Amino acid sequence: MFIYPETYDVIVVGAGHAGSEAASAAANMGMKTLLITMDLTKVAQMSCNPAMGGIAKGQIVREIDALGGYSGIVADKSAVQFRMLNRSKGPAMWSPRTQNDRTLFTIYWREELEKIPTLDLMSDMVLRLHFENSKLAGVETKYGLIVRSKVVILTAGTFLNGKIFIGPTQVKGGRIGEPSAYGITENLVELGFESGRMKTGTPPRVDARSLDFSKMEEQKGDENPSKFSFLPLTRPLQKQLSCWITYTNPVVHDTLRIGFRESPLFSGEIQGTGPRYCPSIEDKIVRFSSKERHQLFVEPEGWNTYEMYVNGFSTSLPIEVQTDSLRRVPGFENAKIIRYGYAIEYDYFPPTQLKHTLETKLIENLYLAGQINGTTGYEEAAAQGIMAGINAALKLKEKEPFILQRDQAYIGVLIDDLVTKGTDEPYRMFTSRAEFRTLLRQDNADLRLTPLSYQIGLASEERMRLVEQKLNKIRSTLHFIENLSIKPEEVNPVLTAKNTPPVKQGMKLKKVLSRPQLTAEDYLKIKPFEKYVQSHQIPADALRQVEIELKYAKYIEKEKSNALRMKSLENIVIPENFDYDKIPSLSYEGREKLKKIRPRTLGQASRISGVSASDIQVLLVYMGR
């Protein structure tokens, strides 16, 4: 083995979404960082659908951006369509989503990484961890290198002993056409880690020239599109590509059933657990046998390609079955398949083996992030990556860890769920997982997180300045609204137009604007308010915050109150080597779970499956509370 001449503070293994965010965060916080990956042309590759965001995932992308990450910036630069989902619901449910140019996404991510002076890139495959004097000291690679570092972050995605399935055909690989990674799983298991297998899949890609779009529903982007990043360096789209919607039918389902005998999903060839909320098409027609059709989204892969992604038709059935069944979908009668769908099975490590910093409990200075922890999705992976990178840098600086709470960020919910509850199926974020989703809106991610990130040295001064300006505009506008009395003739035309009762006498503007029928756009039709907004140059995003504050003040205050109550348990820290065996009144299951997971606080302990409320009461009494 050859000892590489450079020694690093942090080595990140794997350049997917988790690895790219981890490496950039650590490097931007001043760490000398090395990002090692097998193929540097596949940086942050969109292995599955060419899109970022969506329900709850869009909130995560905005949180990553607010912290100073790059996923939102790259998503904006490579976007071909933008949509704000769930607009018919309250703002807590609004979720931004971009359709992206798959090729540009990777190119722009690589460009961002190469701009960071303290970050080096290397093309190689890591086989195992390197130890010196029983301490983690770097990695050993396929090409015979020992690269030394103080910290290692593993972000291997679906590559650890990856196996690809298409009908009866099986090949080793981490993605189609790319080799799997070996050595790391075996090394970690030798060191005492528990591993498992998971499965995910992807649908066929088709040639748009062979499709009949007249038989599909067009799905255009937003008329006035927004964007992900809070920074002004990206701009909303001026033109957009359309997606299309079509449906399967009973004939399609019958054709798919022909291949079930050769399906690795049903034959037992695939041992890993697949994602419950993104099942394959064959899984859908078995689990939802009463449904006569399933929705398919036909999505463009980029500006300058005919390739289309058939979202909703993920499959590992034999290629002849994929072809025959797909051609029975309306609009696909003459479809030419560019690439067949496949399933992939890979190793992961149950995340209860991690601390909230994503450092492993077993080996100091070893962090795991992304699908290696049992998650699915680019956004969940990127969120873990930026948090692992931040915490690695903070540990090397001998500073306090950066842990987001459940009332502070979806990222906090994600990591707390993983570390506390674990997962035996690919974990996907939903708004329903967050108890405080009214607080964790996509529109206020910068207000929530940028000040925290600025304090630890990641978010830039420009980001912090923009947040302070936005906060000042919001506060001054709310102050104006609370103190201005409005005359009936100034507001009644607007109220009548919105089918809400007119006022009969003068009243504070705040009371009028709090009506649920009115939007920020309606506010601007009230002359005194419009004049204030124009003269004080109140931007649209600040005005939207004002609207939300006025309409949802009671809900926001209620969630803040609930969060404070929850924090009473979060503030009670359990000693690291606490002996649960010396408390006989704990339930047997509760004691075993507490010993295995070693929760950091009583709040975390209360969320562990199998730990009862009475167990928490016993701990409270024992700890003198």
Side-chain angles (χ1 to χ4, degrees), residues 17 20-21 23-25 27-28 43-46 49-54 57-85 94-116 220-241 243 299-304 378-379 382-383 385-386 411 441-450 453-454 458-470 473 537 539-545:
H17 299 261
S20 297
E21 288 288 6
S24 55
N28 282 326
V43 169
Q45 174 82 339
M46 290 181 142
N49 62 323
M52 288 292 284
K57 292 168 175 278
Q59 283 89 327
I60 289 176
V61 176
R62 296 215 98 191
E63 289 179 352
I64 292 168
D65 183 75
L67 289 170
Y70 291 94
S71 291
I73 293 169
V74 174
D76 287 344
K77 286 183 174 182
S78 61
V80 299
Q81 187 193 84
F82 181 94
R83 292 182 68 223
M84 186 67 76
L85 308 183
W94 291 13
S95 301
R97 183 183 190 273
T98 54
Q99 197 69 35
N100 294 87
D101 186 306
R102 185 189 300 276
T103 302
L104 289 179
F105 190 88
T106 295
I107 290 172
Y108 288 138
W109 242 118
R110 172 92 180 251
E111 287 180 358
E112 296 296 342
L113 293 173
E114 290 184 339
K115 291 176 187 175
I116 304 172
K220 295 183 177 181
D222 287 351
E223 189 173 338
N224 297 302
S226 185
K227 63 193 188 80
F228 274 119
S229 182
F230 292 98
L231 289 176
L233 62 88
T234 63
R235 295 280 184 267
L237 287 166
Q238 297 300 306
K239 66 172 184 174
Q240 301 184 66
L241 296 179
C243 296
E299 302 172 343
E301 294 264 338
W303 292 110
N304 301 306
Y378 312 139
E379 303 83 1
I386 193 170
I411 295 173
R441 305 184 310 275
Q442 56 84 30
D443 58 84
N444 69 355
D446 55 339
L447 306 182
R448 289 185 278 120
L449 299 179
T450 297
S453 183
Y454 180 71
L458 179 57
S460 65
E461 288 189 16
E462 180 189 8
R463 284 188 182 277
M464 193 61 214
R465 178 176 51 79
L466 290 169
V467 166
E468 289 170 344
Q469 289 175 353
K470 184 175 177 181
K473 298 286 187 183
Q537 297 181 322
D541 59 344
L543 193 56
R544 187 69 66 191
Q545 290 291 316

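Quick caveat, the model's predicted, so the values are computed rather than measured.
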Only counting residues at least two apart or in another chain, list the ones meeting side-chain contact (heavy atoms from CB on, under 4.5 Å) with [X].
X      : result
Leu241 : Val80, Pro300, Trp303
Ala382 : His17, Glu21, Ile64, Ser71
Glu468 : Met464
Thr234 : Ile73, Asp76, Lys77, Lys227, Ser229

Considering all heavy atoms of both residues, which atom of [X] and which atom of [Y] are nearest to each other, and what is their separation?
X      : Y      : result
Ala383 : Ile411 : CB-CG1, 3.8 Å
Tyr454 : Ser460 : CD1-O, 3.8 Å
Pro225 : Pro236 : O-CB, 3.3 Å

Taking the side chain as C-beta and beyond, is there a heavy-atom pair between Met52 and Phe105 under 4.5 Å?
yes
Any side-chain heavy-atom pair from Gln81 and Arg83 closer than 4.5 angstrom?
yes
Listed partners of [X] passing side chain to side chain donor-acceptor pair (under 3.5 Å), at least two apart:
X      : value
Ser78  : Asn100
Asp101 : none
Asp443 : Arg441, Gln545
Glu111 : none

When rounded to the nearest 0.5 angstrom, what is the spacing between [atom1] in [X] and [atom2] in [Y]?
X      : Y      : atom1 : atom2 : answer
Arg544 : Ser226 : CZ    : OG    : 9.5 Å
Asp222 : Phe82  : CG    : CZ    : 6.5 Å
Lys115 : Asn28  : NZ    : CG    : 11.5 Å

Main-chain N/O of [Y] paired with [X] side-chain donor or acceptor, under 3.5 Å:
X      : Y      : result
Gln99  : Ala79  : no
Ser453 : Leu449 : no
Tyr378 : Asn49  : yes

Which residues pass the salt bridge (Lys or Arg N to Asp or Glu O under 4.0 Å) test with [X], sequence neighbours left out?
X      : result
Lys473 : none
Arg62  : none
Glu301 : Arg102, Arg205

Which residue is it: Ile386, Ile116, Leu113? I am looking for the one with a side-chain contact (heavy atoms from CB on, under 4.5 Å) to Tyr70.
Ile116
Electrostatic pair Glu299:Arg97 at N-O distance under 4.0 angstrom
yes
Would you say the side chains of Ser95 and Gln59 form a donor-acceptor pair under 3.5 Å?
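Yes, a side-chain donor-acceptor pair sits under 3.5 Å.
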With Asp446, which of Arg463, Arg465, Lys470 fulfils salt bridge (Lys or Arg N to Asp or Glu O under 4.0 Å)?
Lys470
Under the side chain to side chain contact (heavy atoms under 4.5 Å, CB included) criterion, do Gln442 and Met84 qualify, and how do the steps go?
CA-CA 10 Å; Gln442 56 84 30; Met84 186 67 76; 3.7 Å; yes
Taking only residues two or more places apart in sequence, or in another chain, which ones meet Phe228 in a ring-ring contact (aromatic ring centres under 6.0 Å, His included)?
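Checked Phe228 against ring-ring contact (aromatic ring centres under 6.0 Å, His included); zero matches.
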